[in-house]
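Single-structure report; data block below.
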Amino acid sequence: TIVTAGTCTIAANQIGNTNYSAAPEVTQSFTIGQASQSINFTDPSDITFGAPGPMLSAMGGASGNPVTFGSDTPSVCTTGGTNGENVTILTGGTCTIAANQLGNTSYSAAPEVTQSFNIAQASQTISFTSPAPGAATVGGPVYAPAAIGGASGNPVVFTIDASASAICSISGGDDDRVA
């Protein structure tokens with residue numbers, strides 16, 4: 001029965017009887033190599049930026065060592081947790097995760113397995129306030145449009161649709177006003 005990797009030496013002995021003396025002991029040695037192991041890594045699904053990162057899972061070989069995860073794209077995503085199973089999303093793009101498992105005296109280290117998933121851009125919306133009925137009139141006060149943009153942090157920029165350029169115009173840099 002093979003117990004672990006290493007050199008196994010077996011001794012053969014035979015006792016004698018009244019007609020034969022005991023045979024001299026003979027030994028034979030052979031090497032028992034480490035068994036291989038592999039990782040079966042569950043493919044993370046694509047997500048949208050802003051969603052929580054996936055919880056990674058994998059089945060490893062028989063060494064008893066945990067499968068550990070690390071990011072091959074640390075500018076896009078990072079890993080944390082006891083074995084790196086928690087993914088933190090930093091930006092949109094492709095996140096590539098590497099799974100590894102160490103060996104021991106009986107099992108060699110499992111070959112690294114990588115999985116990638118895409119992080120799509122999140123959508124944004126703009127909430128635009130309209131002037132109160134009758135508030136925008138020819139010769140009346142300048143109307144200052146107000147809008148709340150999405151989470152990108154970029155400013156909302158106002159422009160006039162080409163079909164309305166003869167009706168109104170925009171002026172004023174950061175404090176855009178419709179005249």
Side-chain angles (χ1 to χ4, degrees), residues 1-128 147-157 174:
T1 301
I2 305 299
V3 177
T4 190
T7 301
C8 180
T9 301
I10 297 179
N13 291 284
Q14 185 181 25
I15 60 172
N17 61 20
T18 55
N19 296 322
Y20 294 93
S21 62
E25 181 177 271
V26 177
T27 60
Q28 182 178 13
S29 297
F30 59 96
T31 301
I32 301 169
Q34 289 178 310
S36 62
Q37 53 181 358
S38 61
I39 298 171
N40 183 7
F41 185 2
T42 304
D43 188 11
S45 298
D46 292 347
I47 62 171
T48 299
F49 183 79
M55 177 70 87
L56 303 173
S57 66
M59 294 296 296
S63 70
N65 291 319
V67 174
T68 57
F69 303 97
S71 174
D72 281 353
T73 52
S75 63
V76 176
C77 60
T78 58
T79 59
T82 304
N83 297 311
E85 67 277 5
N86 300 320
V87 177
T88 300
I89 304 303
L90 303 176
T91 187
T94 300
C95 175
T96 301
I97 303 293
N100 290 281
Q101 184 183 30
L102 296 175
N104 59 21
T105 57
S106 298
Y107 294 89
S108 59
E112 182 177 88
V113 176
T114 60
Q115 294 282 4
S116 295
F117 62 96
N118 294 314
I119 304 155
Q121 288 181 314
S123 60
Q124 314 186 84
T125 59
I126 298 173
S127 297
F128 204 163
I148 298 172
S152 70
N154 293 321
V156 175
V157 177
D174 288 343

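Numbering starts at 1 and runs along the sequence shown. Please read all numbers here as calculations on a predicted model, not as lab measurements.
Atom CG in Leu90 sits 8.0 Å away from atom CD1 in Ile119 (nearest 0.5 Å). Between the OG1 atom in Thr68 and the CD1 atom in Ile39 there is a gap of 7.5 Å [rounded to 0.5 Å]. The distance from the OG1 atom of Thr94 to the CG atom of Asp46 is 8.5 Å, given to the nearest 0.5 Å. A distance of 13.0 Å separates CD of Gln124 from CD1 of Ile148, quoted to the nearest 0.5 Å.
Residues in residues 72-86 take part in no side chain to side chain donor-acceptor pair (under 3.5 Å) pair, two or more places apart or across chains. Counting only residues at least two apart or on different chains, the side chain to side chain donor-acceptor pair (under 3.5 Å) pairs with a member in residues 15-33 are Thr9-Ser29, Asn13-Glu25. Applying the ring pair (Phe, Tyr, Trp, His ring centres under 6.0 Å) definition to pairs two or more places apart or across chains, none involves residues 70-124.
You'll find the side chain of Ser123 stays beyond 4.5 Å of the side chain of Thr48, heavy atoms only. Between Val87 and Ile89 the shortest side-chain heavy-atom distance falls below 4.5 Å.
Checked by atom type and distance alone, the side chain of Gln121 never pairs as donor or acceptor with a backbone atom of Phe49 at under 3.5 Å. Although no hydrogens or angles enter the test, the distance criterion places a donor-acceptor pair under 3.5 Å between the side chain of Ser71 and the main chain of Cys77. Between the side chain of Gln101 and the backbone N or O of Asn65 there is at least one donor-acceptor pair closer than 3.5 Å. For Asn40 (side chain) and Met59 (main-chain N/O), no donor-acceptor pair under 3.5 Å exists by modelled atom type.
The ring-ring contact (aromatic ring centres under 6.0 Å, His included) search around Phe41 returns Phe69, not counting sequence neighbours. Listed by chain and residue number, Phe158 satisfy the ring-ring contact (aromatic ring centres under 6.0 Å, His included) test with Phe128 (two or more places apart in sequence, or in another chain). Checked against side chain to side chain contact (heavy atoms under 4.5 Å, CB included), Ile2 has the following partners two or more places apart in sequence or in another chain: Ile32.
Of all heavy-atom pairs between Gln37 and Leu102, the closest is NE2-O, 3.0 Å. Listed here is the closest heavy atom pair of Pro54 and Pro44: CG-CB, 4.0 Å. Of all non-hydrogen atoms in Asp43 and Gln115, the two that sit nearest each other are OD1-OE1, 3.3 Å. Of all heavy-atom pairs between Ala58 and Val67, the closest is CB-CG1, 3.8 Å. The minimum heavy-atom distance between Ser106 and Thr4, with the atom names listed, is OG-OG1, 2.6 Å.
A donor-acceptor pair shorter than 3.5 Å cannot be found between the side chains of Ser36 and Ser108.
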